[in-house]
Amino acid sequence: MDRQLIKHVFGRTDFGSAVTVAGWVRTRRDSKGGFSFIDLNDGSSFSSIQVIAPGELANYQSDVLRLTIGSSIAVTGELVESPGEGQAVEIRAAEITVYGFADPETYPLQKKRTSLERLREIAHLRPRTNTIGAVARVRNALAFATHRFYQERDFLYLHTPMITTSDAEGSGEMFQVTTLDPASPPRDLDGNVDYTQDFFGRQAFLTVSGQLEAEAYALALDRVYTFGPTFRAENSNTRRHLAEFWMIEPEAAFFDLDDNARLAEDYLKYMVRYLLETCEEDIAFFDKWIDDSVLATLTAVVDRPFERITYGEAIDILGKADAGFEFPTTWGSDLQSEHEVYLAEQAFDRPVIVTDYPSDIKAFYMRRNDDGTVAAMDVLVPRVGELIGGSQREERLDVLAASIDRHGLDADLYWWYLDLRRFGTAPHSGFGLGFARMVAFATGMQNVRDVVPFPRTPRNAEF
RNA sequence: UCCGGGGUAGCUCAAUUGGCAGAGCAGCGGGCUGUUAACCCGUGUGUCGUGGGUUCGAGUCCCACCCCCGGAGCCA
């Protein structure tokens, strides 16, 4: 079939020429003049194209008048300038082929607005809605911009493993990976499960981060980034958490914290700029129907420099704020959600990079500063809170070993990680960006469950 | 996991002190119209989340559980 995507038809002005499109019916409106209007969408653009189905079509009575929302058809006809308002072009059909009807009695989507909660229950059909379709296009644009950004800066795309045998990669519960029979696993003499008989000869899990492996490659290939799934078995029931989510983790040799922060800012600006250039119609939709501050927020990301403060300065600001915080804002306590939101929305109203946290509240691998803080950085954005977490890594063998010890971790498990400092160590930095949170930030969608095609959360893995 | 709010027609919701379970939308039938989430008339729809209990009588009151949503924590 010599078919065109609908988004390409919109750009045509060669009225009178032949055109073929295919997609799913959004609405059908019948005219007493003996013809019908069909709004057809194939997901290639936010807008549907209007098809005029003349009553003279051979299957007008038998097929066209039975078309309802969700039906799939192909249309061949003539491109015409639309005499009606609301669209510049339309298609006067000469032939309409029906691939599948969608029984309106049972098809869950109707012309009326459906709640996002309801759409989660029909995740296989929700990409046919305006909102979720737009989310999918934005998500795609952000993913593409991510690769383009890092490739342009000579970062090498690295595939880190999804299965790990380290049960101490970071905080958080991990999903176990096993081929043992859960009903009757082999036991050792003490009665414990004998994982030496498991597939990997030891206990294995789904990864919570590709960072440690990325560091190994950064200390050989200079600049790398990962872009893949990670898993957390936490029983988190919030609009910001998923059990399975994609993360982008750049890692760069000879980058200090300042280089790292600059990379993060450049990356976010690059993504947003690309989005505004390529998804104008989708963003306009989000701004109108989902969150009327989205466009202004995104524009500000591109136009204004990010605020950069230290943890100590953040504590000062929060301490002076008259915001009735529930949690204390004393030095040494971690920033709570309410604090992050205050900083990004009230205090600065733009992305804020907070650096140099107390070592006690941060991960073992972060580089220790002389004053007892670590070279960590979090990027906080309005509405979403923490979007990026990163640090300069501890490259000094003795300091790292001491940190592992102080965090109560088993140094033997990190033998290869320590090797990276034992042989040709170098300063390096990196960060992780939660992709779902980025999509939520970019669209104004409140819940990450609505920006991931088939979200996995506690008790939910239907599709 | 903790706190709070919910679960009633396909969808979104209502139902007074416990007293015949309703409306809008969608669907279907008809009318009207180069229409734009079209409009007008007519029309059907129930495991009231599940299981117990109180009562002459429970959507409504009590107990337990399940699920969903929001907030918190954990974090990206």
Checklist entry - If you check every side-chain atom of A:His241, which of B:C28, B:G73, B:G34 has the closest atom? => result B:G73

Next on the checklist: Rounding to an integer number of angstrom, what distance separates B:A9 and B:A15 when you compare their C1' atoms?
Outcome noted: 14 Å

Checklist entry - Do A:Asn460 and A:Arg449 meet the criterion of a side-chain donor-acceptor pair at a distance under 3.5 Å? => result no

Next on the checklist: Between C1' on B:A37 and CD on A:Gln50, what's the gap in Å once rounded to a whole number?
Outcome noted: 14 Å

Next on the checklist: For A:His428 and A:Phe255, I'd like to know if the aromatic rings sit close, meaning centre-to-centre distance below 6.0 Å.
Outcome noted: no

Item to check | Earlier contact from the 5' end, RNA chain B, for A:Thr114 and A:Phe245 | outcome: A:Thr114

Next on the checklist: Testing the 3.5 Å rule here: is there a donor-acceptor pair between the side chains of A:Ser82 and A:Gln87?
Outcome noted: yes

Checklist entry - Contact class for A:Thr230 (heavy atom, under 4.0 Å): base, sugar-phosphate, or nothing? => result nothing

Item to check | A:Thr238 side chain, from C-beta outward: closest of B:U35, B:G73, B:C75 | outcome: B:G73

Checklist outcome for this item: Closest of B:C69, B:U1, B:G70 to the A:Asn447 side chain is B:G70

Checklist entry - Of all the nucleotides listed (B:C28, B:G34, B:G73), which has the minimum atom distance to the side chain of A:Gln336? => result B:G73

Next on the checklist: For a quick check under 3.5 Å, do A:Tyr60 and A:Ser36 share a side-chain donor-acceptor pair by atom type?
Outcome noted: yes

Next on the checklist: At 4.0 Å (heavy atoms only), tell me whether A:Glu90 reaches a base, stays on the sugar-phosphate, or touches nothing.
Outcome noted: base

Item to check | Pairwise P distance for B:A14 and B:G5, with rounding to whole Å | outcome: 15 Å

Checklist entry - Would you say a side-chain N or O of A:Arg449 is under 4.0 Å from OP1 or OP2 of B:G70? => result yes

Checklist entry - Do A:Arg437 and B:C75 have a side chain to base donor-acceptor pair shorter than 3.5 Å? => result yes

Next on the checklist: With a cut-off of less than 4.0 Å, is there a side-chain N or O of A:Arg29 near OP1 or OP2 of B:G34?
Outcome noted: no

Next on the checklist: So that I know where these two stand, are A:His147 and A:Phe227 an aromatic pair - ring centroids less than 6.0 Å apart?
Outcome noted: yes

Checklist outcome for this item: Residues passing the side-chain hydrogen bond (donor to acceptor under 3.5 Å, both in side chains) test with A:Ser47, sequence neighbours excluded, are A:Glu281

Checklist entry - When you compare B:G4 with B:C62, how far apart are their P atoms, in angstrom units rounded to a whole number? => result 15 Å

Checklist entry - A:Asp39 near the nucleic acid: base, sugar-phosphate alone, or nothing, with a heavy-atom cut-off under 4.0 Å? => result nothing

Next on the checklist: At less than 4.0 Å, is any side-chain N or O atom of A:Ser115 found next to OP1 or OP2 of B:U12? Yes or no.
Outcome noted: yes

Checklist entry - Considering only B:A72, B:C67, B:G34, which nucleotide approaches the side chain of A:Arg92 most closely? => result B:G34

Item to check | Nucleotide nearest A:Glu386 when distance is taken to its side chain, options B:U1, B:A76, B:U35 | outcome: B:A76

Checklist entry - Is the A:Phe155-A:Phe149 ring centre distance short of 6.0 angstrom? => result no

Next on the checklist: I want to confirm an ordering. Mapping A:Phe35 and A:Arg118 to their closest nucleotides on RNA chain B, which one lands closer to the 5' end?
Outcome noted: A:Arg118

Checklist entry - Using the C1' atom in both, what is the distance from B:A58 to B:C25, to the nearest Å? => result 30 Å

Checklist entry - Touch check for A:Ile69, heavy atoms < 4.0 angstrom, all strands: base, sugar-phosphate only, or nothing? => result nothing

Checklist entry - Do A:Ser236 and B:C74 share a donor-acceptor pair, side chain to base, under 3.5 Å? => result yes

Checklist entry - How is A:Arg120 classified with respect to the nucleic acid when contacts are heavy atoms under 4.0 Å: base, sugar-phosphate, or nothing? => result sugar-phosphate

Item to check | Residue A:Glu234, side-chain heavy atoms: nucleotide from B:C74, B:U36, B:G70 that is nearest | outcome: B:C74

Next on the checklist: Is it the case that the base of B:U35 and the side chain of A:Gln87 share a donor-acceptor contact (distance under 3.5 Å, atom types as modelled)?
Outcome noted: yes

Sequence neighbours excluded and cut-off under 3.5 Å, please list the side-chain donor-acceptor pairs for residues 51-59 of chain A, or say none.
| unit_1 | atom_1 | unit_2 | atom_2 | d |
| --- | --- | --- | --- | --- |
| A:Asn59 | ND2 | A:Asp63 | OD2 | 3.1 |
| A:Asn59 | ND2 | A:Ile96 | O | 2.8 |

Checklist entry - B:C75, B:G73, B:U35: which one has an atom nearest the side-chain heavy atoms of A:Phe37? => result B:U35

Item to check | Separation of the P atoms in B:A21 and B:G59, to the nearest angstrom | outcome: 8 Å

Next on the checklist: Closest approach to the side chain of A:Phe327, judged atom by atom: which nucleotide of B:U35, B:A72, B:C69 is it?
Outcome noted: B:A72

Next on the checklist: As a test of your reading of the structure, name each stem of RNA chain B as range with range, where a stem is three or more consecutive Watson-Crick or G-U pairs at under 3.5 Å.
Outcome noted: B:1-7 with B:66-72, B:10-13 with B:22-25, B:27-31 with B:39-43, B:49-53 with B:61-65

Item to check | A:Thr20 side chain to A:Gln4 side chain, donor-acceptor N/O pair below 3.5 angstrom | outcome: no

Next on the checklist: Please classify the nucleic acid contact of A:Leu387 as base, sugar-phosphate, or nothing, using heavy-atom distances under 4.0 Å.
Outcome noted: sugar-phosphate

Checklist entry - What's the closest nucleotide to the A:Ser337 side chain, out of B:U35, B:G73, B:C69? => result B:G73

Next on the checklist: If only side-chain N and O atoms count, and only distance matters, is there a donor-acceptor pair under 3.5 Å linking A:Arg148 with A:Tyr270?
Outcome noted: yes

Checklist entry - Expressed in angstrom and rounded to an integer, what is the separation of A:Arg28 atom CZ from B:A38 atom P? => result 12 Å

